[in-house]
Asker: 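One structure follows; several queries about it will come next.
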Amino acid sequence: MEDWFFTEEQRMFRESLREYLQNHITPEKVVEMEEKREIPRSIHDAMADFELFCPLVSEEYGGAGFDLVTAGIVGEELARVDPTGSTCVYYLVPASWSRMIYLYGTEEAKQELLPKMTKGRMFCGIASTEADTGSDLGNMITTIKPIRNGYVVNGAKNYISGIREARNTDGGHVTLARQDLAAGVRGCTLFFLPLNSKGIEISLDREMGREGMSTGGFHIDNVEIPERYLIGEEKRGFYIIHEGYEAARGIIACVCAGAALKALENAVAYMKERKAFGQPLARYQGMQFPLAEHWSRMMMLRDWAYKALRIMDQEKQGKASRMESSQAIAMAKLWGPLWAFDAINFAMQVQGAYGYSLECTEQKALRAIRSFGWAEGTSEVMRLIIAREVLGGTSWKGY
Amino acid sequence: MRIVVCVKQVPDTTDVRVDPEKGTLIREGVPSMINPFDQFALEEGLRVRDRTGGELIVLSMGPPQAKSVIMLSLAIGADRGILLTDRAFAGADTLATAYTLSKAIEKVGDVDLVVCGLQAIDGDTAQVGPGIATRLRMPQVTYAERIEVVDGTLRARRVVEDGNETVEARLPALATMTTPSDFVPTNPPFTRIMKAKGKPYEEWKVADLDADPGRLGLDGSPTWVEKVYPPPKREKGEMLEGAPDEIVGRLVEILKQERVL
Ligand SMILES: Cc1cc2nc3c(=O)[nH]c(=O)nc-3n(C[C@H](O)[C@H](O)[C@H](O)COP(=O)(O)OP(=O)(O)OC[C@H]3O[C@@H](n4cnc5c(N)ncnc54)[C@H](O)[C@@H]3O)c2cc1C
């Protein structure tokens, strides 16, 4: 079939990437990653050599100048080789959030930070969630106050990906805090917070999956940051932060498609091989029907995820509105984790008791994908966004 | 130094299917790829170019879609690409192909080194490289797995039945490359794929070559394919499973039954 969506270069890139990742993120490496609970150096280096760190940044600052559709391809392909999803997160969080520095950061900060981030020498995360508030950003306790030549930050962040990764690389997190306390979410400011700053104390959590990545929290006690780390304007953080979330959400949807389709491919291989009551499992319609359903859902989700990312690319060219992007991305991020979870769960079921063994790649993928029901915005928040646009009439109008 | 590397687009399949009625290969729906021997030839050619300086031109003959192997070669590092594409080139056997490619290399002019893959995995003839060398009156080294150019001389390590031999040839010369088992093909990242788009690329038609039309394409191909058929399917072997001792015992029994022992 002639491809109608991807450019010739994107098609070639995917082919090249797939072969490359198969050689560099092998099943043995994935096991090593789970055991050591960190991303092996060799995988990090392979990702750096293939320009997979912060590739949405332009070449001027050391990036690869990807559009978002191309960024989605990387998410999908990483998910195919790494069922733990660790490298997917290691890729998509810095990719989406360094882009915010690239789009809205000061020239000084861009020159200082981006060349390191794009080479994989500095981690860039996102810190918005706190112990007592996540979806409801306006209730956060972390504050930012202007002082001479900069700002002072106080508060705490929790459930933050890439704590150890940022610490080990002198990196940090794109952080949201309240500046105008009376204005709620509309008084928040976005800035870059180096995690090795004086006054930051970190802690690490243990999670149910994504073994190669760390997650944790940090206290922020009178931490001073320079003026140049401001992202966008003061008190305008809430208005721009969604572009970061949405890049991440779109790539996450591609990750879900990659993980689920790969799990279904594994299930198919198993169904053809495994016999019960005298026939291969694949011969039973009771197996075929759910397979057909999960397969079609994931293929549609995959197409929609790329379409949503293309709408975001078009937004940057002035051809789509902010709201069109938000809604399209929310649709992909709503169904991606839910459908992928179901599809992977089916792929486990097919494999009988083996499906529940720690060795089975599908249970790894199941635990990884589950995180995307919350991370970068919950499924409920996605529904809120979609409903808001549908009810508000800014939705798709049939063109 | 001016190096030309010849590459071919081939179907990416180990499971070649044949249309039982027409006796031709089924190509629809089969993805294509660069012939693996040619990718190695390209990467060896690039190694030589990186040492000696100069330019490396990648040359292919094929349908318009074959542009993608040229673009891949440019992304991997070639400097310039030429695709010979014209209905009049179609249906060429190895004789006509070697003739056409040699005419294109003549047109490129001042070529010091031609590098080809040993053979294409779809035809497996290994005739085109030597055919080009003959027509260009160049010395040829076949089955090479390493090439170098030192002081205007090609030095090539050839794979022979019981080891290696190193031979030298005066330039201009042609080498055909066989892929060493440890060869890992380069996968170009995105920026190199995008840069390839900006490199010089040309498509040449019959009129662009100083060639005898009777020696091109189907007209220039005396080879007749009588019949193409897939080899008969072999029965799946019997797999013995279990502990080594047990398996050995069973194996001996079976071999006795079959009167091998
Ligand atoms: C593995 C993992 C990694 C993460 N990494 C990061 C990170 O790097 N940086 C970061 O800032 N955060 C991170 N998060 C946190 C994530 O962004 C939050 O979990 C998410 O925003 C929800 O916040 P919460 O957990 O406080 O839940 P809450 O917002 O308290 O919500 C609790 C539940 O109520 C639902 N809910 C809330 N409001 C409504 C409503 N109005 N209507 C209906 N339902 C509602 C939610 O959907 C959810 O189901 C991560 C989370 C996970 C699981």
Side-chain angles (χ1 to χ4, degrees), chain A residues 1-3 6-26 42 45-78 81 91 95 115 118-120 272-273 275 280, chain B residues 7 9-15 26-36 38-40 42-43 58 60 62-78 81 83 179 181-199 201 203 236 239 241:
Chain A
M1 185 197 70
E2 186 93 344
D3 184 78
F6 297 106
T7 63
E8 177 63 19
E9 289 74 32
Q10 285 165 339
R11 197 194 51 69
M12 217 163 121
F13 172 64
R14 183 194 290 277
E15 234 170 73
S16 182
L17 173 70
R18 182 170 292 190
E19 204 173 280
Y20 183 84
L21 293 179
Q22 277 166 356
N23 288 334
H24 290 90
I25 308 185
T26 57
S42 59
D45 290 347
M47 288 173 72
D49 286 347
F50 212 72
E51 310 169 343
L52 300 186
F53 288 108
C54 308
L56 291 158
V57 171
S58 73
E59 289 189 61
E60 189 189 345
Y61 298 100
F66 282 18
D67 51 25
L68 281 157
V69 169
T70 308
I73 292 173
V74 177
E76 185 186 353
E77 293 301 322
L78 280 170
V81 291
Y91 156 71
T118 51
K119 294 290 167 278
K272 286 184 172 170
E273 201 59 37
K275 288 200 177 91
Chain B
V7 302
Q9 188 179 46
V10 294
D12 177 5
T13 177
T14 37
D15 172 31
I26 300 175
R27 304 230 171 194
E28 289 86 54
V30 180
S32 40
M33 64 191 271
I34 185 168
N35 178 41
D38 300 347
Q39 177 155 3
F40 179 63
L42 170 67
E43 299 206 25
V58 62
S60 186
Q65 312 83 279
K67 181 180 177 186
S68 67
V69 295
I70 304 247
M71 295 317 284
L72 176 66
S73 306
L74 292 173
I76 291 172
L83 177 64
T179 313
S181 57
D182 60 356
F183 172 60
V184 183
T186 298
N187 301 118
F190 190 70
T191 52
R192 280 166 67 181
I193 291 172
M194 294 308 277
K195 277 189 192 102
K197 266 191 1 182
K199 291 185 178 181
Y201 167 77
E203 289 184 2
K236 207 173 170 185
M239 302 289 279
E241 281 172 37

Asker: Quiz question: by atom type and distance under 3.5 Å, do the side chains of A:Asp45 and A:Ser42 form a donor-acceptor pair?
Answerer: no

Asker: Which bit of B:Lys195 is near chain A, if near means a heavy-atom gap under 4.5 Å: side chain, backbone, both or neither?
Answerer: side chain

Asker: When you check the side-chain N and O atoms of B:Thr191 and A:Glu51, is any donor under 3.5 Å from an acceptor?
Answerer: yes

Asker: Go through the atoms of B:Ala196 and report whether side chain, backbone, both or neither lie under 4.5 Å from a heavy atom of chain A.
Answerer: neither

Asker: Without hydrogens or angle criteria, can the side chains of B:Glu43 and B:Thr186 be said to hold a donor-acceptor pair below 3.5 Å?
Answerer: yes

Asker: Identify which part of A:Arg18 has an atom lying under 4.5 Å from any heavy atom of chain B, answering side chain, backbone, both or neither.
Answerer: neither

Asker: Give me the atom names and distance for the closest heavy-atom approach of B:Gly81 to B:Ile70.
Answerer: CA-CG2, 3.7 Å

Asker: Taking side chain as everything from C-beta outward and backbone as N, CA, C, O, which of these in A:Glu8 sits under 4.5 Å from a heavy atom of chain B? Side chain, backbone, both or neither.
Answerer: side chain

